[in-house]
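Taking it in order: structure first as structure tokens, then the write-up.
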2 protein chains.
Amino acid sequence: MSVRQAPATALDATTAASQVYAALKRDLIRGRFVAGEKLAINHLKETYAVGLSPLREALNRLAAYGLLAQENQRGFRVPALKRRELDDIAGLRQQFEVQALEAALRQGDAQWEAELLAAFHRLKRADEQPDALEHWEQMHLQFHRRLLEPCGSAWLLRFIEQLHDQFDRYRRMAPAHQDIRAQLDVQHAELVELALARGIAEARELIHAHIQLSYDVAKSACSE
Amino acid sequence: MSVRQAPATALDATTAASQVYAALKRDLIRGRFVAGEKLAINHLKETYAVGLSPLREALNRLAAYGLLAQENQRGFRVPALKRRELDDIAGLRQQFEVQALEAALRQGDAQWEAELLAAFHRLKRADEQPDALEHWEQMHLQFHRRLLEPCGSAWLLRFIEQLHDQFDRYRRMAPAHQDIRAQLDVQHAELVELALARGIAEARELIHAHIQLSYDVAKSACSE
DNA sequence: TCATAGTAAAAAATCGATTTTTCTAGCATA
DNA sequence: TATGCTAGAAAAATCGATTTTTTACTATGA
């Protein structure tokens, strides 16, 4: 009945639900939706050009992840940005990342050092890409992921990633969040140095201050 | 076309997807599925008496939560029980719950004390219920939830709950897990005492030992 | 014997339509 | 004016069928 597809399709061997999930996740963190807004599923169907089933599966995943709120029989809502919750998220991020960084510095090997340098280099060069803003965010996330990677606890990394995503919703909604880019980039360079030198005590201080800097900016995203 | 339902339906104002989610979650933690097993969706459809859509939504939520593994275009799989992962989970549980307990003892009020006592009482009386084993597990979970509740960090509680669910997959799969019930129950009583007396240092020790006890039993659930 | 292409069956993923529930006005009643 | 009721519309949730992808099996040729 159907014409056999060209083998090219083998490249994007990913499911429609996963693609919508990724796209929606990106747009939620980016701030494409108004905080507190109710999602119109039929509208999303058109925006993301998918059917109802994969879309609903993606929404369910995002709700389980904490980037959406699911209300009994009345669909999905973008969570509000609450100052109390930001404080909670930022505090845990500081605690978890300080801990993970120390473990990573103790356990990271030469291979990790090389990959960290590579990630840092891509971050520095992010501005040269088209769509520089979004690309920097992407490289920034990858840099931090790489930095903590050899900490030895998969679940701690999972929680850190989740908190990071939550945190970024606030940070990227803040009006002045672009203005601290230069300061953050200085800290990234220092983090790399300390990582290679295994300066644990200083690295702990720095990652804490690094999160604090974004945190101070992010605060302006909340009303309450 | 359809006969108007009696108002009784207003009681179970919950969606089919949520019900399957709850049932599947319970059965996964209970050990009803073989670790590593691939789930046959069409079979689950009959077992849980639901259609494909709500079932798939539930599976997607469980995968995002970490109780299922989702493989590219080949469905869902029950995660294997790995010793390395158990160690990770138990270690984080100890750390997080020690921290949350201290915060809870500092912040819990009289209302909390009353509810904790109530939860403890229900736990003690669990054996008298029909289906005593499952009921004890239920009350046990609620007791621990209540204990840490006033810690002040919603996200920390969320992570603790998630780790607890993961941990219980291992614990309840261990052959001898029933044998330590008596010891656990003694510790629960001591935890209540310390909570009311705000004995922070001792409570920290005790919750750590409490998790360690189950952890030692749970180890026998893993092959590798 | 082994590797490999072809094919049928099974399973997963998706679509389109239907059912159920919630929301919104408008109307009647006190 | 406020309150409650109800039909109609809108939205959410679910079902049944279709399409796509993977898996298992078989035959073929090196």
Side chain of [X] (C-beta onward), nearest among [options]:
{"X": "B:Q73", "options": "C:dA13, C:dT22, C:dT14", "answer": "C:dA13"}
{"X": "B:T15", "options": "D:dT21, C:dT14, D:dA13", "answer": "D:dA13"}
{"X": "B:R74", "options": "C:dT14, D:dA11, D:dT23", "answer": "D:dT23"}

**Study point:** B:R30 and B:D168: CA distance, side-chain angles, deciding distance, salt bridge (charged side-chain N to carboxylate O under 4.0 Å, His left out) verdict
**Key:** CA-CA 8 Å; B:R30 231 183 173 174; B:D168 274 7; over 6 Å; no
Point to revise | Matching residue for B:F76 among B:E37, B:Q70, B:K38 - test: side-chain contact (heavy atoms from CB on, under 4.5 Å) | key: B:Q70
Practice item. Answer yes when B:E71 and B:R77 have at least one side-chain N-carboxylate O distance shorter than 4.0 Å, and no when they do not. Key: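 Yes, B:E71 and B:R77 are salt-bridged.
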Between [X] ([atom1]) and [N] ([atom2]), how many Å, whole number?
{"X": "B:Q19", "N": "D:dA13", "atom1": "CD", "atom2": "P", "result": "13 Å"}
{"X": "B:L52", "N": "C:dT18", "atom1": "CG", "atom2": "C1'", "result": "16 Å"}
{"X": "B:K38", "N": "C:dA10", "atom1": "NZ", "atom2": "C1'", "result": "9 Å"}
{"X": "B:K45", "N": "C:dA10", "atom1": "NZ", "atom2": "C1'", "result": "14 Å"}
{"X": "B:L55", "N": "C:dA12", "atom1": "CG", "atom2": "C1'", "result": "12 Å"}
{"X": "B:N72", "N": "D:dT22", "atom1": "CG", "atom2": "P", "result": "7 Å"}
{"X": "A:E57", "N": "D:dA13", "atom1": "CD", "atom2": "P", "result": "14 Å"}
{"X": "B:Q70", "N": "D:dT21", "atom1": "CD", "atom2": "C1'", "result": "15 Å"}

Review point. How would you label the contact of A:A40 with the nucleic acid (heavy atoms, under 4.0 Å): base, sugar-phosphate, or nothing?
Key: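 Answer is nothing: A:A40 stays at 4.0 Å or more from every strand.
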Review point. Heavy atoms under 4.0 Å, any strand shown: does A:L59 hit a base, just sugar-phosphate, or nothing?
Key: nothing
Practice item. Answer with yes or no after comparing the ring centroid distance for A:H210 and A:H144 against a 6.0 Å cut-off, counting only values under it. Key: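 Centroid separation for A:H210 and A:H144: below 6.0 Å.
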Point to revise | Comparing B:N42 and A:G51 on DNA chain C - which has the more 5′ nearest nucleotide | key: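 Between the two, 5'-proximity favours B:N42.
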Check your understanding: When you check the phosphate oxygens OP1 and OP2 of C:dA13, does a side-chain N or O of B:R56 lie under 4.0 Å from one of them?
Key ->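 Yes, B:R56 has a side-chain N/O under 4.0 Å of OP1/OP2 on C:dA13.
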**Study point:** NZ (B:K82) with more than 12 external heavy atoms under 6.0 Å
**Key:**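 Open.
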